[in-house]
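We number each residue from 1, following the sequence as shown. Each ligand, and each atom within it, is numbered from 1 in the order the structure gives. The figures here come from the full heavy-atom set of this structure, side chains too, leaving out hydrogens, waters and symmetry mates.
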Amino acid sequence: MIKALKKKYALSDQGAKDLLKGIVYSVLANISLMFPVILLAIVLNQLLAPVLGASAPEISAAVYTVIGIVILAVVFIFHYCQYTATYLGTYDESARRRIGLAEKLRTLPLNFFHQRDLADLTSTIMGDCANFEHAFSHTVPQFFGAVISTGIVCIGLLIFNWQMGLALLWVAPISFAIVILSRKWQEKLSKKHMNARLELAEGIQECLETVQDIKACNQEEDYLRKLDAKMDAAEKAQISSEMTTASLLTTGQMFLRLGLATVIVVGNSLVVSGDTSLFTYILFLIAASRLYDPLSGAMSNMAELFSVQLQVNRLKEIEKYPEETGEKNIHTNGYDITFDHVQFSYEKGKPVLRDVSFTAKQGQVTALVGPSGGGKSTVAKLAAKFYPLDGGRILLGGTDIAPLNSTMLMKNFSIVFQDVVLFNNTIMENIRVGKKDATDEEVIAAAKAAQCDEFISKLSDGYQTVIGENGSTLSGGECQRLSIARALLKDAPVILLDEATASLDVDNETEIQNAISRLVKGKTVLIIAHRMRTVEAADNIVVLSDGIVAENGTHEELMKENGLYHRLVDLQTASANWKLSV
Ligand SMILES: Nc1ncnc2c1ncn2[C@@H]1O[C@H](COP(=O)(O)OP(=O)(O)OP(=O)(O)O)[C@@H](O)[C@H]1O
C-alpha cells in the first residue's frame with residue numbers, strides 16, 4: 001500500500017507513511033461521526049415508542065449523557081489525530097519535496113535546462129508544490145477516508161436491512177459514475193488550463209525581462225495587447241475547466257440526494273406492511289442525512305484528485321529525468337582539446353555543426369572566428385560538454401569527454417560567456433563563485449588583474465556592495481570584468497572566452513587583454529572574438545562558416561590564402577572607417 005501511494009503520488013517513504021496514517025485516521029474520524037447518529041436514533045426510538053405504541057428499552061438520561069460525552073471524546077480524539085497526521089505530515093512532506101527537487105535539479109545534466117522552459121520549471125517548483133500542499137492536506141486523505149468509512153458503514157447498513165440499504169445506496173454508484181466517466185474530459189480541460197497558465201507565466205516573465213527594450217521600441221501597447229490575449233485565454237480555459245467540473249459534480253451530488261426520496265418511499269411501505277420497525281426506518285432516515293455529505297465531499301475531492309494527478313505527472317517527469325552520471329575520475333594527458341569529426345544539432349534535422357575537426361593546443365591561443373551564426377559559441381559550449389553530440393568525438397588531453405561526469409569536467413574549465421550571469425550578492429561573493437574557498441586576498445588580486453579594483457573602490461561598500469539581480473546596478477563592461485575576475489580566480493587549465501571583451505572600451509580592452517595574456521600562459525585557450533584585431537596574435541585561427549571549418553591557420557597564413565578570413569578582415573577594416581552621417 002505504501003509502495004502504491006509512493007508511486008502514484010511521487011511521495012517519499014515518510015510521506016507515503018504519513019498519508020496512509022492520515023487515511024486511517026480519516027476513516028476512523030468519519031466512522032466516529034456515525035456514533036452520535038446511532039445514539040440519536042436510539043433516543044428518538046425511546047421517545048417515540050409510547051406515541052407509536054411500540055416497545056423500546058428504558059435507558060436513563062444519565063446513561064445517555066455519559067454515552068454522549070464518551071462519543072464526543074472519541075470523535076474529538078480521532079479528528080485531532082486526523083488533523084495532525086494530515087496537516088503536519090503534509091507540510092513536512094512538502095519541505096522534503098522542495099528540497100528533493102532542488103537536489104535533483106543540482107544533479108541534472110545542463111542539457112535538461114536547455115530543453116525545459118524556465119517559466120515551466122518555476123511553475124512546477126513553486127505552483128505545483130503549493131497545490132500538492134492543499135491536495136495532500138485537504139483532499140487525498142479525506143477522499144480515501146470518506147470512501148472507505150462510508151463503504152464500511154454501507155456494508156453494515158446492507159447487512160442490517162438490505163431492502164432499506166438498497167433504497168439508500170442505489171444512487172451512489174450512478175453518482176460516482178457520472179464523475180468518473182467524465183474524467184478524460186475533465187483532464188483534457190485541466191491540461192488546457194494548465195498550458196494556458198504556463199503561456200501566461202512565460203509572457204509575464206518575458207515582459208519583465210525585456211521591459212527596457214519594449215519601452216525603447218514603443219512596443220508597450222502591442223506587447224500588452226498580446227499579454228491581454230494570453231490572460232483572456234487563461235481565464236477562458238479556467239472558466240471552462242471549472243464550469244465543466246462543477247456542472248458534472250453538481251449533477252452527481254444532486255442525483256445522490258434522490259436516495260432520500262427512495263428511503264422515505266420504501267421505508268414507509270415496509271413500516272406499514274410491518275416488514276421493518278420504526279427504529280430501522282428512523283435510523284435509515286438519519287443515516288441518509290449523514291451518509292450523503294461525506295459521499296458528496298468525496299466526489300468533489302475526486303475532481304481535485306484528477307487535476308492534481310496532472311501536476312504529479314509533471315513532477316514525476318523531473319524526478320525520472322536521468323541524472324548526471326559519468327566517470328568522476330578524469331585522467332588526461334595534458335589539456336589539448338580536439339574536435340574529431342563533430343556533428344551537432346539543437347533540433348533534430350537542423351544541423352548546426354557538420355564534421356568539425358580541429359585541435360586547440362595547450363599553451364596556445366586558438367581563436368574561433370567567422371560570420372554570425374556560423375557555430376562559434378556552439379563549439380565553445382560543446383568543448384565544455386553542455387550538450388551531447390550527434391556524431392564524432394571531443395577529446396580533452398586525448399580522453400573522450402562523452403563518458404565523463406560534467407561537474408568534474410567543469411573543474412578544468414574557466415569560462416567567460418557572452419551573457420554574463422551575476423548573483424544578487426556582494427561583489428566579493430560574485431567573484432568568489434570562481435573558487436569557493438578563495439581568501440579575500442585572492443579575490444582582490446583577481447579583481448585587480450581584471451581591472452575591477454578601480455570601479456569597486458568607488459562603490460560605497462567596496463567589495464561588500466550588493467550588485468542587484470544579475471548586476472543590475474553595474475554597467476555592461478563592469479559586469480564583464482567581474483566575470484573575467486571570476487575566471488582568473490578559478491585559474492583552470494582550459495579557458496573559454498566567448499566575446500570576453502565585447503562590452504569594454506578600447507582602454508579597458510587593452511588592459512584586460514594584458515590580464516588575459518597573463519592568465520592564459522601554459523593553458524589551452526579557446527577564444528571567440530568578432531574584432532579581428534583581437535585574434536591576430538592567436539597561434540591558430542579556426543574560421544567557422546555555416547557549421548563547417550572553412551579555414552584554419554595563423555593570421556599570416558589565412559591572409560595569404562585570400563579566402564573568407566581575408567574578406568572578414570577587409571570588411572572590418574572598412575567598417576572601422578565607417579562614420580555616422582545625417
Ligand atoms: N539554444 C539553441 N537552440 C536552437 N538553436 C540554436 C541555439 N543556440 C544557437 N542556435 C543556432 O545555432 C547556430 C549557431 O549559433 P552560434 O551561437 O553557435 O553561432 P555564433 O557563430 O556564435 O554566432 P554569433 O557570432 O552571432 O554569436 C545558429 O543558427 C543559431 O540560431
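- Ligand 1 has no nitrogen or oxygen under 3.5 angstrom from a nitrogen or oxygen of Val352.
- Distances below 4.0 Å separate heavy atoms of Gly374 from the following atoms of ligand 1: 19 (O), 21 (O).
- Side-chain contact check for Arg481 versus Phe455: some heavy-atom pair is nearer than 4.5 Å.
- Summarising the contacts of atom 18 (O) of ligand 1 with Thr378, Ile528, Leu368, Val369, the nearest heavy atom is found in Thr378.
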Go through Tyr463 and Asp453 one step at a time and tell me if the side-chain hydrogen bond (donor to acceptor under 3.5 Å, both in side chains) criterion holds. CA-CA 9 Å; Tyr463 281 86; Asp453 203 47; 2.7 Å; yes
Which donor-acceptor pairs under 3.5 Å do the side chains of residues 423-440 make with protein atoms, sequence neighbours left out?
unit_1 : atom_1 : unit_2 : atom_2 : d
Asn424 : OD1    : Gly468 : N      : 3.3
Thr426 : OG1    : Glu429 : N      : 3.1
Glu429 : OE1    : Arg432 : NE     : 3.3
Glu429 : OE2    : Arg432 : NE     : 3.3
Glu429 : OE2    : Arg432 : NH2    : 3.2
Asn430 : OD1    : Phe423 : N      : 2.7
Asn430 : OD1    : Arg486 : NH2    : 3.4
Asn430 : ND2    : Phe423 : O      : 2.8
Asn430 : ND2    : Asn425 : O      : 3.4
Asn430 : ND2    : Thr426 : O      : 3.2
Arg432 : NH1    : Ala438 : O      : 2.5
Arg432 : NH1    : Asp440 : OD1    : 3.3
Arg432 : NH2    : Asp440 : OD1    : 2.8
Lys435 : NZ     : Glu442 : OE2    : 2.8
Thr439 : OG1    : Glu442 : N      : 3.2
Thr439 : OG1    : Glu442 : OE1    : 3.4

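- To the nearest 0.5 Å, atoms OG (Ser190) and CZ (Arg183) are separated by 10.5 Å.
- Using a cut-off of 4.0 Å between Lys/Arg side-chain N and Asp/Glu carboxylate O, Asp222 and Arg225 are scored as salt-bridged.
- Within the structure, the closest approach of Gly370 to ligand 1 does not fall below 4.0 Å when heavy atoms are considered.
- Here's the thing with Ser372: one of its N/O atoms is less than 3.5 angstrom from an N/O atom of ligand 1.
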